[in-house]
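Below is one structure, written out as structure tokens; comments come after it.
Note that the coordinates shown come from a computational prediction; the quantities given were computed from them, not determined experimentally.
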Amino acid sequence: MSEPMNHGHHNDAAYEREDLGARSVFTFLIGLVVMGVLVFGFLKVMLHVLETYNSKHQPPQNPLASKTVPVPEAAGLEKSKQGIDGVFPNPRLEEDEIHELRQFRDGEEEKLYTYGWVDQSAGTVHIPIERAMQLIVERGLPTQVKAGVPPASVVNTVREAAVKADNSGKAKKKR
């Protein structure tokens with residue numbers, strides 16, 4: 001009991017008495033910047049080498065694809081779009097998907113809810129869908145006659161009923 005209590009300290013334990021110096025931190029940061037510049041330079045040189053190799057080893061261009069496409073400019077953007085429309089077939093890549101889709105849907109809705117000409121020379125029009133549904137309810141759906149079958153009329157219906165009702169067999173021979 002005469003021994004003093006150490007309260008968790010060991011006499012043999014030691015610790016580092018010096019913090020990390022500012023010089024070593026700055027040396028690390030400078031080394032990091034130098035390595036970043038070296039990696040950037042290496043990648044730039046490799047990109048140049050690969051681009052040169054790629055341009056020298058390109059296959060010959062297809063003679064059918066000899067048309068040039070105008071580059072869109074700020075002033076002639078609409079003109080260049082017409083040039084692209086003339087060169088490339090549909091469907092083309094979309095440039096502004098959201099606005100192009102909105103324009104398409106607005107056009108479709110306009111056709112659904114307004115009157116307008118489909119072919120003015122032929123006299124064909126389109127009508128609003130609500131009106132078309134009302135007309136179908138009022139008039140019914142149009143029917144098409146099958147090939148080789150005479151259209152239903154009062155005369156044909158009466159004649160067919162008379163043939164079916166005639167038991168003498170004379171009506172079938174006259175026909």
Practice problem: Enumerate the residue pairs fulfilling side-chain hydrogen bond (donor to acceptor under 3.5 Å, both in side chains) with a member in residues 120-131, sequence neighbours excluded, ordered by first and then second residue. | Solution: Asp119-Ser121, Arg131-Gln134

Exercise. Let me know which of His99, Glu97, Arg105 forms a side chain to side chain contact (heavy atoms under 4.5 Å, CB included) with Leu101.
Key: Arg105

Quiz prompt | For Val125 against Val118, the heavy-atom pair lying closest together | solution = C-CG2, 3.8 Å

Quiz item: Roughly how far, to the nearest 0.5 Å, is CD of Glu109 from OG1 of Thr114?
Solution: 10.5 Å

Exercise. Verify the neighbour count for atom CG of Leu47: are there more than 12 heavy atoms of other residues, nucleotides or ligands below 6.0 Å?
Key: yes

Sequence neighbours left out, cut at 3.5 Å: what donor-acceptor pairs do the side chains of residues 20-43 make with other protein atoms?
from	atom 1	to	atom 2	distance (Å)
Ser24	OG	Gly21	O	2.8
Thr27	OG1	Arg23	O	2.7

Quiz item: What's the spacing between Gln103 CD and Glu108 CD if we round to 0.5 Å?
Solution: 12.5 Å

Self-check item: Beyond-backbone contact of Leu135 with Ile127, side-chain heavy atoms, under 4.5 angstrom
Solution: yes

Self-check item: Over all atoms of both residues, closest heavy-atom pair of Gln58 and Asn54
Solution: NE2-OD1, 3.0 Å

Exercise. Determine whether more than 12 heavy atoms belonging to other residues, nucleotides or ligands lie under 6.0 Å from atom CD of Glu110.
Key: no

